[in-house]
Amino acid sequence: MIDPKVLRDDPDRIRAAQAKRGLSADVVDDALAADGRRRSAIVEFERLRGEQKTLGRQIATASGEEKQALLERTRRLSAEVKEAEAAQSQAEETYRALVMTIPNPAAEEAPAGGEDDYVVLEHVGKPRDFEAEGFEPRDHVELGRLLGAIDIDRGAKVSGARFYYLTGVGADLELALVSMAMDQARRSGFTTMIPPTLVKPRAMEGTGFLGQAADDVYRVEGEDMYLVGTSEVPLAAYHSDEIMEAESLPRRYAAFSPCFRKEAGSYGKDTRGIIRVHWFDKVEMFSYTTLDDAAAEHQRLLGWEKEWLEKLELAYRVIDTAAGDLGLSAQRKFDCEAWIPTQGRYRELTSTSNCTDFQTRRLDIRGRFPDGVRPIATLNGTLVAIPRTIVAILETHQQTDGSVRVPTALQPYLQGRELLEPASSR
RNA sequence: GGAGGUGUCGCCUAGUGGCCUAUGGCGCCCGCCUGCUAAGCGGGUUGAGGGUUACCCCCUCUCGCGGGUUCAAAUCCCGCCACCUCCGCCA
């Protein structure tokens with residue numbers, strides 16, 4: 001949720017922020033009007049309630065006719081109070097519903113515009129030149145089949161399109177990547193976590209996934225529960241309704257969890273392979289810190305993501321996502337996109353967002369500072385999203401015979417294996 | 001899933017319709033006293049919203065959550081949630 005004070009005192013700032021994302025500013029005016037109605041409803045209720053309390057105290061000590069007269073008066077008043085209270089909660093609900101739809105204003109540094117208006121910040125590593133090496137790279141589907149690592153056909157048979165089995169060395173690869181990621185996170189000061197992935201609406205809404213993003217979310221039939229699309233959700237909600245001691249910040253968590261996404265609206269996109277799937281496992285980094293430190297923490301998260309990709313010896317670039325592509329909660333977002341040889345382009349492998357106080361306001365998370373209780377910031381960043389990382393590793397490190405070289409840093413997590421070889425040649 | 005119990009401030013706790021504007025203790029903060037420390041003494045210490053807005057101040061809400069009864073609810077009634085104990089089931 002945006003800062004209600006900013007909305008009230010400096011609505012032009014929110015209007016400009018809407019424009020930068022390519023959104024209408026009408027909601028700003030609607031919200032301002034609703035805020036006015038809300039405040040007058042509060043004043044009216046409090047006036048009546050105050051009167052009721054005053055008279056109530058008199059009744060307690062009055063007697064006889066005086067008491068009867070007071071009772072007569074307060075009986076009517078009681079109904080008015082009830083009415084005013086209902087009007088107040090109605091007005092607050094209307095206001096809240098409007099404000100909740102307003103996205104986090106993008107950072108000044110974030111590029112304006114939509115999906116295609118990102119800015120490339122840097123390239124790291126060089127995409128492997130298969131032409132110069134004189135062979136046609138196989139795609140991950142074929143490599144996965146050769147290695148006995150990915151079984152897409154049976155995934156479809158059992159669960160449908162966009163599902164897969166990781167088998168044999170594929171399963172080993174996931175466990176290795178997860179262990180390696182958790183090791184890195186632990187060394188970097190993160191508390192490792194295994195969070196629940198079925199959550200109540202509050203957690204979903206608090207992290208900004210129930211608004212226009214709700215289409216992409218699995219809801220459990222017959223229960224008020226959702227399957228999370230990222231462990232950002234349970235990690236953000238972890239400290240909901242809490243006041244965190246300022247000196248305990250930054251607090252960092254790294255969670256391993258499955259992620260579930262409907263992928264609504266992506267029909268026909270990435271239908272081949274495991275680039276875009278309904279379920280995958282992920283290790284996610286999550287930080288709680290002060291608003292002053294948030295931008296610096298964002299750079300740290302990006303730094304850990306880069307360290308990770310470099311250890312996997314992948315070529316990638318970093319982009320600064322444009323305002324319109326930020327999602328509801330983020331103020332700024334960096335994506336690390338790895339080069340996928342058979343696609344001839346960079347694809348998102350990790351993504352890190354600075355959500356400033358947007359989620360903490362919704363989840364009632366604050367910090368206790370020497371000068372009082374104030375909002376704090378949350379940030380999230382992918383360490384490893386398994387399927388896409390497997391795609392990048394297989395395709396990047398493949399050899400002419402279909403075997404795949406294991407990046408040095410990963411070898412200790414794969415029983416020392418330096419090479420993954422096709423099942424038939426073993 | 002069934003039965004019973006519990007839910008009050010960071011923690012413990014008093015509180016059975018109006019004198020609750022919620023008690024006391026611990027912890028914490030400020031001050032006094034004091035060779036130092038401890039003890040002692042005095043004061044402060046939930047959070048949110050609104051009025052006003054430099055500050056002060058005033059008001060409303062907040063006793064797990066939501067309803068209801070009543071002129072008036074921490075207190076009475078109903079529903080829900082969480083935890084504890086037991087039973088059932090289960091990895």
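Since we're looking at a predicted model, the values are computed, not measured. Computed from heavy atoms alone, side chains included, the values below leave out hydrogens, waters and symmetry copies. By convention in this document, chain letters (A, B, ...) are assigned in the order of the sequence lines, proteins followed by strands, and residues within each chain are numbered from 1.
Atom CG of A:Leu48 is separated from atom P of B:G50 by 19 Å (rounded to the nearest Å). Atom pair A:Arg366:CZ and B:G10:P shows a separation of 11 Å (rounding to whole Å applied). Between A:Glu80 atom CD and B:U60 atom P there is a gap of 17 Å when expressed in whole angstrom units. Taking atom CG of residue A:Asp9 and atom P of nucleotide B:U52, one finds them 13 Å apart after rounding to whole Å. In this structure, the CD atom of A:Glu247 is 16 Å from the P atom of B:G10, given to the nearest Å. Straight-line distance from the CG atom of A:Asp3 to the C1' atom of B:A48: 14 Å, rounded to whole Å. The distance between atom CD of A:Glu46 and atom P of B:U52, rounded to the nearest whole Å, is 12 Å. In this entry the distance linking CD of A:Glu72 with P of B:C71 reads 11 Å, nearest Å.
In this model, no donor atom of one side chain and acceptor atom of the other lie less than 3.5 Å apart for A:Ser231 and A:Glu284.
For A:Tyr238, the OH atom is loosely surrounded, since the number of other residues' heavy atoms within 6.0 Å does not exceed 12.
For A:Thr321 (side chain) and A:Lys333 (main-chain N/O), a donor-acceptor pair under 3.5 Å exists by modelled atom type.
Looking at residues two or more places apart in sequence or on another chain, you find no side-chain hydrogen bond (donor to acceptor under 3.5 Å, both in side chains) involving A:Asp116. Listed by chain and residue number, A:Arg417 satisfy the side-chain hydrogen bond (donor to acceptor under 3.5 Å, both in side chains) test with A:Gln415 (two or more places apart in sequence, or in another chain). Contacts of A:Asp364 classified as side-chain contact (heavy atoms from CB on, under 4.5 Å), with partners at least two apart in sequence or in another chain: A:Arg202, A:Asp241. Not counting sequence neighbours, A:Arg39 has no partner by the side-chain hydrogen bond (donor to acceptor under 3.5 Å, both in side chains) test. For A:Tyr413, the side-chain hydrogen bond (donor to acceptor under 3.5 Å, both in side chains) partners at least two apart in sequence or on another chain are A:Asp183.
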B/S/- along nucleotides 77-84 of chain B (protein heavy atoms under 4.0 Å) is --------
B/S/- along nucleotides 61-70 of chain B (protein heavy atoms under 4.0 Å) is S-------S-
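Of the residues near RNA chain B, A:Arg47 and A:Gly56, the one whose nearest nucleotide (by heavy atom distance) lies more toward the 5' end is A:Gly56. Between A:Val43 and A:Arg368, it is A:Arg368 whose nearest contact on RNA chain B lies nearer the 5' terminus.
Among B:G50, B:C71, B:G47, the nucleotide with an atom closest to any side-chain atom of A:Ile42 is B:G50. Relative to the side chain of A:Thr74, the nucleotides B:A48, B:C71, B:G50 differ in distance, and B:C71 lies closest.
Base pairing analysis places B:U75 opposite nothing; no Watson-Crick or G-U wobble pair with both distances below 3.5 Å involves it. The partner of B:C86 is B:G2, judged by Watson-Crick or G-U wobble contacts that both fall below 3.5 Å. Remark: B:G49 base-pairs with B:C59. Criterion, Watson-Crick or G-U wobble with two distances under 3.5 Å. Pairing of B:U37, defined by two Watson-Crick or G-U wobble distances under 3.5 Å, is not identified with any nucleotide. Partner assigned to B:C19 is none, using Watson-Crick or G-U wobble distances below 3.5 angstrom.
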Side-chain polar contacts of residues 221-228 of chain A - donor-acceptor pairs under 3.5 angstrom, sequence neighbours left out - could you list them?
from, atom 1, to, atom 2, distance (Å)
A:Asp224, OD1, A:Arg219, NH2, 2.9
A:Tyr226, OH, A:Arg219, NE, 3.4

In a table with atom names and distances, give each donor-acceptor pair under 3.5 Å that connects a side chain of residues 84-99 of chain A to protein atoms at least two apart or in another chain.
from, atom 1, to, atom 2, distance (Å)
A:Ser89, OG, A:Glu85, O, 2.8
A:Ser89, OG, A:Ala86, O, 3.4
A:Thr94, OG1, A:Gln90, O, 2.9

I'd like a table of donor-acceptor pairs (distance under 3.5 Å, sequence neighbours excluded) in which one partner is a side-chain atom from residues 142-163 of chain A, with atom names and distances.
from, atom 1, to, atom 2, distance (Å)
A:Asp151, OD1, A:Asp153, N, 3.4
A:Asp151, OD1, A:Arg154, N, 3.0
A:Asp151, OD2, A:Arg154, NH1, 2.8
A:Arg162, NH1, A:Lys269, O, 3.3
A:Arg162, NH1, A:Asp270, O, 3.2
A:Arg162, NH1, A:Arg276, O, 3.1
A:Arg162, NH2, A:Ser266, O, 3.0
A:Arg162, NH2, A:Lys269, O, 3.0

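Taking atom P in both B:U46 and B:G25, one finds a spacing of 15 Å when rounded to whole Å. Nucleotides B:G64 and B:C57 are separated by 33 Å at their C1' atoms, to the nearest Å. For B:A39 and B:G27, the P atoms lie 8 Å apart once the distance is rounded to whole Å. To the nearest whole angstrom, the two C1' atoms, one in B:C55 and one in B:C61, are 25 Å apart. Rounded to whole Å, the P atom of B:C33 lies 43 Å from the corresponding atom of B:A74. Here, B:C90 and B:G1 have their C1' atoms 12 Å apart, quoted to the whole Å. Taking the C1' atom of each, B:A14 and B:A22 are spaced 9 Å apart, rounded to whole Å. Using atom C1' as the reference point in both B:A73 and B:U16, the two lie 12 Å apart (nearest Å).
Within residues 234-242 of chain A, no residue has a heavy atom under 4.0 Å from RNA chain B.
Contacts of A:Arg96 with the nucleic acid, taken as non-hydrogen atoms under 4.0 Å apart, are absent.
Pairs passing the side chain to side chain donor-acceptor pair (under 3.5 Å) check and including a residue from residues 74-83 of chain A, sequence neighbours excluded, do not occur.
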- Item | A:Thr289 and A:Glu297: CA distance, side-chain angles, deciding distance, side chain to side chain donor-acceptor pair (under 3.5 Å) verdict | CA-CA 8 Å; A:Thr289 191; A:Glu297 181 72 2; 5.4 Å; no
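The distance from the CD1 atom of A:Ile2 to the CD1 atom of A:Ile102 is 4.0 Å, given to the nearest 0.5 Å.
Put simply, A:Gln52 has no side-chain N or O that comes within less than 4.0 Å of OP1 or OP2 on B:C71. Regarding contacts with the backbone of B:C71, every side-chain N or O of A:Arg57 stays at 4.0 angstrom or more from both OP1 and OP2.
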